[in-house]
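Notes follow once the structure below has been shown.
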Protein chains: 2
Amino acid sequence: MPNPHTDSSACGLSDPRQCGVEATLDLIGGKWKGVILYHLLGGRLRFNALSRRLGAITQRMLTKQLRELEQVGLIVRTVYAEVPPRVEYSLSARGQSLKPVILALKAWGDENVLAAEAMQAAG
Amino acid sequence: MPNPHTDSSACGLSDPRQCGVEATLDLIGGKWKGVILYHLLGGRLRFNALSRRLGAITQRMLTKQLRELEQVGLIVRTVYAEVPPRVEYSLSARGQSLKPVILALKAWGDENVLAAEAMQAAG
DNA sequence: CATGACAGTACCCTTTTGTGTACTACCTAC
DNA sequence: GTAGGTAGTACACAAAAGGGTACTGTCATG
């Protein structure tokens with residue numbers, strides 16, 4: 001009986017896009033993308049609202065990450081022709097489909113990293 | 001009724017380690033770590049066996065990624081005092097606990113990236 | 001008229017990631 | 001003796017990710 005990892009969509013092996021794990025991490029990996037998507041799970045947000053939630057991010061990085069997320073179709077950028085200008089970011093349908101993934105990342109991190117650090121601090 | 005995102009372990013906001021999403025991506029993000037962990041879900045593997053499965057990775061990078069995963073306690077490195085030397089890598093208990101996260105990443109990637117590319121290629 | 005919010009852009013810099021090649025030292029098979 | 005497998009290390013280098021500061025132009029507030 002073969003290993004379940006060998007029968008379909010093998011990871012690695014010449015073609016880097018053969019692996020779903022790598023493909024997903026390509027899109028949501030990096031320091032900010034996952035967190036941005038997490039915040040957008042709660043609903044549409046404006047540029048500066050996102051900026052305040054992320055705290056430490058620079059405008060340059062936020063712009064860059066948002067453009068990249070838009071380019072791969074995970075978020076939608078809506079510009080309102082108002083004065084002052086208003087731009088809202090929201091998840092696309094495909095972005096919404098990431099919800100279980102994002103929540104899994106968050107749940108594990110809360111359990112295994114934040115809790116561990118709290119124990120060390122108390123320890 | 002408050003947004004579920006505001007009540008606990010907020011993402012961003014001054015302390016970067018406050019967010020489970022970011023904490024998890026810090027550990028498994030990057031080009032290789034997720035895929036390495038995925039392969040180790042199938043059982044222990046030796047250095048060169050991993051190298052062959054990943055295909056495109058250099059020895060230098062593989063060593064580096066494995067050391068980092070070991071340092072954060074996700075994998076265990078076992079050296080057998082044999083000739084020729086044998087080194088096996090396996091998931092720690094904490095690494096095993098990542099299984100649902102890794103599988104979620106893979107499932108989404110297989111569905112949303114690989115399938116999309118296949119359609120584009122056929123379309 | 002100065003300040004601040006809005007949504008960014010431009011430029012320069014450092015750090016991290018990743019690539020390529022060569023090398024170690026021991027053993028087995030040919 | 002030569003080639004190949006074992007698990008790496010060492011060095012130089014290119015590319016990507018991330019960061020800091022300053023600046024734009026329009027509008028509202030004071």
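Just so we're on the same page: letters track the sequence lines, and every chain starts at 1. Quantities reported herein were computed from a predicted structural model and do not represent experimental measurements.
Between A:Leu62 atom CG and C:dA7 atom C1' the separation is 10 Å, expressed in whole Å. A straight line from CG of A:Leu25 to P of C:dT17 spans 14 Å, rounded to a whole angstrom. One interatomic measurement links the two molecules: CD of B:Glu70 to C1' of D:dG8, which rounds to 14 Å at whole-angstrom precision. The CD-C1' distance, from A:Glu22 to C:dT17, rounds to 14 Å in whole Å. Atom P of nucleotide D:dA17 and atom CD1 of A:Ile57 are separated by 14 Å, given to the nearest angstrom. Rounded to an integer number of Å, the gap from B:Leu66 CG to D:dA7 P is 11 Å. The NZ-C1' distance, from A:Lys31 to C:dT17, rounds to 15 Å in whole Å. Protein atom CG of B:Leu27 is 16 Å distant from nucleotide atom C1' of C:dT16, rounded to whole Å.
Nearest heavy atom pair, residue A:Phe47 against residue A:Gln59, reads CZ-O, 4.0 Å. Nearest heavy-atom pair, A:Gly34 versus B:Leu25, reported as atom, atom and distance to 0.1 Å: CA-CD1, 3.8 Å. Here the closest heavy-atom approach between residue A:Lys33 and residue A:Leu27 is recorded as CD-O, 3.1 Å. Among all heavy-atom pairs drawn from A:Val35 and B:Val21, the shortest one is N-CG1, 4.0 Å.
With respect to the salt-bridge test (charged N to carboxylate O, under 4.0 angstrom), the residues A:Glu88 and A:Arg46 do not qualify. By the 4.0 Å N-to-carboxylate-O rule, B:Lys31 lies too far from A:Glu22 to be salt-bridged with it.
In terms of phosphate contacts, B:Arg86 brings no side-chain nitrogen or oxygen within less than 4.0 Å of OP1 or OP2 of C:dC26. Side-chain N/O atoms of A:Arg46 include none lying less than 4.0 angstrom from OP1 or OP2 on C:dG8. At the phosphate of C:dT9, OP1 or OP2 sits under 4.0 Å from a side-chain N or O atom of A:Arg67. Under 4.0 angstrom from either OP1 or OP2 of C:dG18 there lies no side-chain N or O belonging to B:Lys64. OP1 or OP2 of C:dC6 sits under 4.0 Å from a side-chain N or O of A:Asn48. OP1 or OP2 of D:dG19 lies within a sub-4.0 Å distance of a side-chain N or O belonging to A:Trp32. Listed pair B:Arg52 / D:dG5 fails the phosphate criterion, with no side-chain N or O lying under 4.0 Å from OP1 or OP2.
In this structure, the nucleotide among C:dA7, C:dA22, D:dG18 sitting nearest to the side chain of B:Gln59 is C:dA22. Taking the side chain of A:Arg77 as heavy atoms from C-beta on, and the options D:dG19, C:dG8, D:dG8, the nearest nucleotide is C:dG8.
Across all strands shown, A:Arg60 has heavy atoms under 4.0 Å from base atoms, whether or not it also approaches the sugar-phosphate. Backbone-only engagement by A:Gln65 is indicated by non-hydrogen atom pairs under 4.0 Å involving sugar-phosphate atoms exclusively. Nucleic acid contact class of A:Tyr89 (heavy atoms, under 4.0 Å, all strands): sugar-phosphate only.
Residues A:Lys33 and B:Thr63 each lie close to DNA chain D; by heavy-atom proximity, the contact nearer the 5' end of the strand is made by B:Thr63. Closest-nucleotide positions on DNA chain D for A:Pro85 and B:Ala49 were compared, and the one nearer the 5' end corresponds to B:Ala49.
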